[in-house]
Amino acid sequence: MSDAYEPYMPLLNRIKSEGKCLDGGILKVDSFVNHQLDPLLMMDLAKEFVKRFADKHIDKVITIESSGIAPAILVGLLLKKPVVFAKKKKPSTMNDMYETEVFSFTKNRSYSVCCSKEFINKDENILFIDDFLANGNAAKGIIDLVNLGGAKICGMGFIVEKSFQKGGTILRNLGYQVESLVIIDALDDCKITFKA
Ligand code: 5GP
């Protein structure tokens with residue numbers, strides 16, 4: 001798979017028409033990703049992820065609640081593989097689990113994420129899918145959980161990557177195949193600048 005960036009144009013056009021910039025470099029896409037969901041677009045995005053990771057052996061899809069669940073479950077459906085989501089609150093019913101800390105860019109605080117040991121197995125190849133890649137903290141938390149279980153991240157797919165934050169560079173430098181369907185270079189002055 002080449003490293004060349006190709007935007008997924010239906011998504012880019014949708015962001016152009018419905019995306020809103022918030023202060024602090026946040027893109028709001030509440031009408032089709034983060035609040036209301038567009039299942040048809042989501043399925044198209046899932047197909048695109050499957051295409052981009054076609055050369056990978058994938059045993060399982062992992063995401064983090066809550067906005068990653070919709071794209072992840074559709075990728076899992078297409079691959080016919082299970083989908084596990086890391087939980088942000090430790091359920092009282094869960095004792096045997098892997099746990100790590102994640103710093104939230106949008107909430108400006110740390111929180112712990114956990115996953116039952118039952119659902120990350122040694123030597124599994126796991127694909128991480130999420131809505132946004134900013135500084136890469138959620139991704140680093142998922143890498144921790146997967147490593148704790150002795151499994152391996154075989155790729156990372158994001159609906160939107162913001163290149164003015166450092167997550168993409170960090171993850172690619174660590175050697176991960178990172179596929180972002182749209183990359184945004186800047187969100188200054190209420191203007192969305194897409195990577196060419
Ligand atoms: P990171 O962990 O890479 O710093 O940030 C990724 C997480 O923060 C994503 O799971 C997403 O929920 C949230 N996030 C980061 N930037 C944005 C943004 O611009 N818009 C929205 N809606 N969520 C974001």
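Note that ligands are numbered from 1 as they come in the structure, with each ligand's atoms numbered from 1 the same way. Computed over heavy atoms, backbone and side chain alike; hydrogens, waters and symmetry mates excluded. Count residues from 1 along the sequence.
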| request: Determine, stepwise, if the pair Phe128 / Phe158 fulfils ring-ring contact (aromatic ring centres under 6.0 Å, His included). | output: CA-CA 8 Å; Phe128 175 49; Phe158 300 94; 5.7 Å; yes

| request: Please tell me if the side chains of Arg14 and Leu41 come closer than 4.5 Å, counting only heavy atoms from C-beta onward. | output: yes

| query | When you measure from the side chain of Thr100 to the backbone N and O of Leu145, does any donor-acceptor pair fall under 3.5 Å? | reply | no

| note | When distances are taken from atom 17 (C) of ligand 1, the protein heavy atom at minimum range is Lys162 NZ, 3.4 Å

| field | Minimum heavy-atom distance Val102-Gly141, with the two atoms named | value | CG2-CA, 3.8 Å

| task | Provide, to 0.1 Å, the distance between atom 22 (N) of ligand 1 and the closest protein heavy atom, together with that atom's residue and name. | result | Asn34 OD1, 3.1 Å

| query | Looking only at protein heavy atoms, which one is nearest to atom 8 (O) of ligand 1, and how far off is it? | reply | Thr106 OG1, 4.4 Å

| task | With heavy atoms under 4.0 Å as the rule, classify the contact between Asp131 and ligand 1 as side chain, backbone, both or neither. | result | side chain

| task | Without swapping roles, check the side chain of Gln165 against the backbone of Ala134 for a donor-acceptor pair under 3.5 Å. | result | no

| message | Show me which atoms of ligand 1 lie under 4.0 Å from any heavy atom of Asn137. | response | 1 (P), 2 (O), 3 (O), 4 (O)

| For Leu40, does its backbone N or O pair with a side-chain atom of Asp38 as donor and acceptor, under 3.5 Å? | yes

| task | Just need the protein heavy atom nearest to atom 2 (O) of ligand 1, so name the residue and atom and give the distance. | result | Ala138 N, 2.8 Å

| note | For Asn135, the atoms of ligand 1 under 4.0 Å from one of its heavy atoms are 1 (P), 3 (O), 4 (O)

| request: Please check if the side chain of Lys162 supplies one atom and the backbone of Asp185 the other of a donor-acceptor pair under 3.5 Å. | output: no

| task | List every atom of ligand 1 that sits less than 4.0 Å from any heavy atom of Asp130, numbering the atoms from 1 in the order shown and giving each element. | result | 9 (C), 10 (O)

| task | Measure from atom 3 (O) of ligand 1 to every heavy atom in Gly136, Gly167, Ala139 and give the option owning the shortest one. | result | Gly136

| atom 20 (N) of ligand 1: which protein heavy atom is closest, and how many Å away? | Leu27 O, 2.8 Å

| message | Considering non-hydrogen atoms of the protein only, which is the closest contact for atom 6 (C) of ligand 1, and what is the distance? | response | Phe132 O, 3.4 Å

| said: Tell me the contacting part of Gln165 for ligand 1: side chain, backbone, both, or neither, using a 4.0 Å heavy-atom threshold, strictly below. | reply: neither

| said: Given 3.5 Å as the limit, does a donor-acceptor pair link the side chain of Glu18 with the main chain of Ile15, or not? | reply: no

| request: Identify the protein heavy atom lying closest to atom 5 (O) of ligand 1, giving its residue, its atom name and the separation to 0.1 Å. | output: Ala134 CB, 3.5 Å

| Within the distance-only criterion (no hydrogens, no angle test), does the side chain of Asp59 pair as donor or acceptor with the backbone N or O of Asn125 below 3.5 angstrom? | yes

